[in-house]
Peer 1: 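Got a structure for you, written out below as structure tokens; questions coming shortly.
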Amino acid sequence: MIAVILLSLSFAPLASAKITAQQVAIVINMEDADSRLIADYYQKKRGIPQQNIIKISLPVGESSIGEKKFTEIYQQVLEQTPDSVQYYALAWSKPFKVACMSITSAFTFGFDRAFCAKGCKPTRMSSYYNSDSELPNDELLIRPSMMLAGSTLQQVYGMIDRGVAADGLHPQATAYLMNTSDKARNVRSRRYPVIKELLSEQINIEQVDADVLQDKDDVMFYFTGLKKVRSIESNRYLPGAIADHLTSSGGNLFGRKQMSLLRWLDAGATASYGTVVEPCAFTQKFPNPGIVIERYTNGESLIEAYWKSVAWPGQGLFVGELMASPYAVQ
């Protein structure tokens with residue numbers, strides 16, 4: 001992994017709206033029994049209209065599918081999607097990759113090799129990056145997507161419950177920005193001082209010079225950079241919490257060489273992010289903590305704040321309860 005110049009921060013005006021059930025479609029893999037159960041649970045918890053339930057058939061148990069197969073399925077999804085839908089919830093844990101793209105980016109943009117890279121190269125920039133759009137399909141012709149995935153069915157149910165419980169909570173919370181000993185993966189830390197300076201009035205922000213955060217009971221944000229992060233289960237993650245670690249293959253959900261982003265969800269976070277293809281340490285391929293914190297605490301839904309924070313998301317996988325809105329104005 002190599003270090004590159006970090007993104008500059010550019011903050012948005014105050015937001016007050018959150019996404020609605022009519023704007024979300026749930027995509028179900030009818031070949032996967034757990035997918036059907038997750039979709040049914042999410043539909044009931046969030047009141048997703050029946051016309052927004054999209055049924056497809058995907059290979060069960062495979063981590064990746066090819067471009068041709070995906071293109072056929074994606075066309076079926078588009079044909080079933082009501083015009084009101086702005087976002088997709090993908091109700092399965094595998095597959096999580098489409099050739100050289102993450103499956104959440106493939107469903108967002110359609111398959112496009114401009115979002116891929118071989119080696120340490122940039123990819124196409126997202127039109128949604130730090131955008132003020134509240135209707136991404138209407139205005140940008142994309143539908144940001146997030147997986148309802150997990151290590152077990154019960155873990156997915158718990159993640160959904162935490163997202164629902166988060167709405168309008170306005171908790172006393174802290175954003176933890178970890179300055180780690182891993183030089184290659186610690187590249188986001190260069191922006192921590194300016195994030196703290198600009199956003200401390202919105203939420204308590206702590207920059208921690210350590211590899212481990214332990215026994216904290218107020219975690220809303222946890223951003224770090226390591227292959228594996230120890231003791232994450234010792235902390236209490238508030239409903240709606242976002243946590244991720246910058247590394248090469250956190251988006252390989254069931255890999256063993258590096259920590260999967262699913263460990264954050266196991267520990268109690270409501271969303272996480274990781275890459276499915278070697279990204280190198282381009283900060284543009286990972287969430288910009290300042291943008292996530294600013295937009296989320298100003299009232300945007302989880303999928304909006306998280307997705308808008310990644311400039312080059314083609315290789316990155318988003319997992320979480322997309323409608324969570326802990327800071328939304330009710």
Side-chain angles (χ1 to χ4, degrees), residues 18-99 101-112 115 126-128 133-150 153 156-157 159-160 163-164 276 301-304 306-307 313-314 317-324:
K18 63 177 183 178
I19 63 177
T20 66
Q22 290 72 29
Q23 293 175 326
V24 176
I26 306 173
V27 186
I28 311 171
N29 181 8
M30 296 303 291
E31 306 301 317
D32 183 339
D34 282 356
S35 179
R36 297 195 300 270
L37 291 170
I38 291 166
D40 182 65
Y41 192 82
Y42 195 57
Q43 181 182 13
K44 290 175 180 176
K45 286 288 183 176
R46 282 302 192 183
I48 308 297
Q50 187 59 37
Q51 64 267 26
N52 289 14
I53 305 302
I54 298 172
K55 299 177 180 180
I56 60 172
S57 292
L58 283 168
V60 177
E62 296 183 14
S63 298
S64 179
I65 60 173
E67 175 184 353
K68 182 178 180 181
K69 178 66 174 177
F70 173 79
T71 301
E72 294 172 359
I73 291 167
Y74 184 59
Q75 186 58 42
Q76 295 169 16
V77 169
L78 293 178
E79 290 171 358
Q80 296 179 62
T81 303
D83 291 341
S84 62
V85 169
Q86 307 293 319
Y87 309 93
Y88 289 132
L90 311 180
W92 61 79
S93 299
K94 288 183 178 182
F96 50 80
K97 180 183 172 187
V98 179
M101 290 181 74
S102 74
I103 202 162
T104 50
S105 288
F107 270 97
T108 299
F109 303 109
F111 187 84
D112 184 346
F115 287 100
S126 168
S127 59
Y128 200 48
S133 175
E134 295 180 2
L135 299 169
N137 182 60
D138 293 355
E139 298 167 355
L140 303 173
L141 301 179
I142 63 169
R143 290 187 172 100
S145 304
M146 188 167 280
M147 293 185 77
L148 300 172
L153 185 61
V156 180
Y157 289 166
M159 178 184 70
I160 291 170
V164 173
V276 300
S301 299
L302 194 154
I303 191 169
E304 296 175 282
Y306 218 10
W307 250 98
L317 189 73
F318 293 87
V319 180
E321 199 289 283
L322 57 159
M323 296 180 70

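What's counted below: heavy atoms across the whole structure, side chains too, no hydrogens, waters or symmetry copies. Being a predicted model, the structure only gives us computed values, none of them experimental. Throughout, numbering of the chain's residues begins at 1 and tracks the sequence.
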Peer 1: Would you please indicate if the ring centroids of Phe111 and Tyr74 are separated by under 6.0 Å?
Peer 2: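 Ring-ring flag for Phe111/Tyr74: false, centres at least 6.0 Å apart.
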Peer 1: At what distance, to the nearest 0.5 angstrom, does CG of Leu317 lie from OG1 of Thr104?
Peer 2: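 Rounded to the nearest 0.5 Å, the CG-OG1 separation comes out at 4.5 Å.
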Peer 1: Quickly, which of Ile303, Ile19, Val85 forms a side-chain contact (heavy atoms from CB on, under 4.5 Å) with Val24? Name it, please.
Peer 2: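 So the option named by the test is Ile19.
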Peer 1: For the side chain of Ser93 and the backbone of Gly150, is there at least one donor-acceptor N/O pair under 3.5 Å apart?
Peer 2: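 Such a contact is found between Ser93 side chain and Gly150 backbone.
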Peer 1: Are Asn52 and Pro49 packed together at the side-chain level, in the sense that at least one heavy-atom pair is separated by less than 4.5 angstrom?
Peer 2: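 Answer yes - side chains close enough.
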Peer 1: Please tell me if the side chains of Ile103 and Leu90 come closer than 4.5 Å, counting only heavy atoms from C-beta onward.
Peer 2: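 Answer yes - side chains close enough.
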Peer 1: With rounding to the nearest 0.5 angstrom, report the CD to OG distance, Gln51 to Ser84.
Peer 2: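 Here the interatomic distance stands at 7.0 Å.
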Peer 1: Would you please indicate yes or no on a ring centroid separation below 6.0 angstrom for Tyr88 and Trp307?
Peer 2: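 That pair fails the under 6.0 Å test.
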Peer 1: On the 0 to 90° scale, with breaks at 30° and 60°, tag the Tyr157-Tyr41 ring pair as parallel, tilted or perpendicular.
Peer 2: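 Parallel.
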Peer 1: Once rounded to the nearest 0.5 Å, what's the spacing between atom CG of Leu322 and atom OG of Ser301?
Peer 2: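 Going from CG on Leu322 over to OG on Ser301, the span is 8.0 Å.
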Peer 1: Do Pro95 and Ser63 have side chains that approach each other closer than 4.5 Å (heavy atoms only, starting at C-beta)?
Peer 2: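 Counting from C-beta outward, Pro95 and Ser63 never come under 4.5 Å.
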Peer 1: Is the backbone N or O of Gln76 less than 3.5 Å from a side-chain atom of Glu79, with the two atoms forming a donor-acceptor pair by type?
Peer 2: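 No: the side chain of Glu79 does not pair with the backbone of Gln76.
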Peer 1: Parallel under 30°, tilted from 30 to 60°, perpendicular over 60°: which one fits the rings of Phe109 and Phe115?
Peer 2: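 Taking Phe115 first and then Phe109, their aromatic rings lie parallel (interplane angle under 30°).
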Peer 1: Treating Ser102 as the side-chain partner and Lys97 as the backbone partner, does any N or O pair qualify as donor plus acceptor under 3.5 Å?
Peer 2: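 Looks like no, no N/O pair under 3.5 Å.
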Peer 1: Of all the heavy-atom pairs spanning Ser64 and Ala99, show the shortest one and how long it is.
Peer 2: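 Of all heavy-atom pairs spanning Ser64 and Ala99, the closest is OG-N, 3.7 Å.
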Peer 1: Can a donor-acceptor pair be found, under 3.5 Å and without considering hydrogens, that links the side chain of Gln23 to the backbone of Thr20?
Peer 2: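 Answer holds: yes.
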Peer 1: Measure the spacing between CE of Met147 and CE of Met159 and express it to the nearest 0.5 Å.
Peer 2: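 Result: 9.5 Å between the selected atoms.
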Peer 1: Of the non-hydrogen atoms in Asn29 and Pro59, which two are nearest, and what is the gap between them?
Peer 2: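 Smallest interatomic distance, heavy atoms only, reads ND2-O, 4.2 Å.
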Peer 1: Name all residues meeting the side-chain contact (heavy atoms from CB on, under 4.5 Å) criterion together with Gln50; count only those two or more places apart in sequence or in a different chain, and write none if there are none.
Peer 2: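 Here the qualifying residues are Gln43, Ile53.
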Peer 1: Could you tell me if the side chain of Met146 sits less than 4.5 Å from the side chain of Tyr306, heavy atoms only?
Peer 2: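 In contact.
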Peer 1: Quick one: do Tyr42 and Met323 satisfy side chain to side chain contact (heavy atoms under 4.5 Å, CB included)? Show the steps, please.
Peer 2: CA-CA 11 Å; Tyr42 195 57; Met323 296 180 70; 3.4 Å; yes
Peer 1: Rounded to the nearest 0.5 Å, what separates atom CG in Leu302 from atom CD in Glu304?
Peer 2: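 Interatomic distance, Leu302 CG to Glu304 CD, rounded to 0.5 Å: 9.5 Å.
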Peer 1: Can you give me the closest heavy-atom contact between Glu134 and Glu139, atom names plus distance?
Peer 2: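 Smallest interatomic distance, heavy atoms only, reads N-OE1, 3.9 Å.
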Peer 1: Does the Ser35 side chain pair with the main chain of Ala91, one donor and one acceptor, at a distance under 3.5 Å?
Peer 2: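 A pair under 3.5 Å: yes.
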Peer 1: Is it true that a side-chain atom of Ser105 and a backbone atom of Pro313 form a donor plus acceptor pair closer than 3.5 Å?
Peer 2: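 Confirmed, Ser105 side chain pairs with Pro313 backbone.
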Peer 1: Do the side chains of Pro144 and Tyr128 get nearer than 4.5 Å, heavy atoms only?
Peer 2: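 Sidechains of Pro144 and Tyr128: in contact.
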Peer 1: Applying salt bridge (charged side-chain N to carboxylate O under 4.0 Å, His left out) as the test, list every pair that has at least one member in residues 51-77; sequence neighbours left out.
Peer 2: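 Those involving residues 51-77 are Glu67-Arg113.
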Peer 1: Flag the pair Leu58 / Asp32 as yes when at least one side-chain heavy-atom distance between them is below 4.5 Å, and no otherwise.
Peer 2: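 Result no, sub-4.5 Å side-chain heavy-atom pair not found.
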Peer 1: Is there any salt bridge (charged side-chain N to carboxylate O under 4.0 Å, His left out) pair reaching into residues 33-46, and which pairs are they, with sequence neighbours excluded?
Peer 2: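 Residue pairs with at least one partner in residues 33-46: Asp40-Lys44, Lys45-Asp161, Arg46-Asp167, Arg46-Glu321.
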Peer 1: Under 4.5 Å between any side-chain heavy atoms of Ile56 and Ile28, yes or no?
Peer 2: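 Ile56 vs Ile28: side chains apart.
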Peer 1: Just how far is it from atom CG of Leu135 to atom OG of Ser133, taken to the nearest 0.5 Å?
Peer 2: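 So the gap between those two atoms works out to 6.0 Å.
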Peer 1: Do Ser57 and Glu31 get their side chains close enough for a donor-acceptor pair, meaning under 3.5 Å?
Peer 2: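 Ser57 vs Glu31: donor-acceptor pair found between side chains.
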Peer 1: Does Trp92 reach the side chain of Val156, with side-chain heavy atoms less than 4.5 Å apart?
Peer 2: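 The answer is no; the side chains never approach within 4.5 Å.
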Peer 1: Leu148 vs Ile38, test: side chain to side chain contact (heavy atoms under 4.5 Å, CB included). Steps then yes/no.
Peer 2: CA-CA 8 Å; Leu148 300 172; Ile38 291 166; 3.9 Å; yes
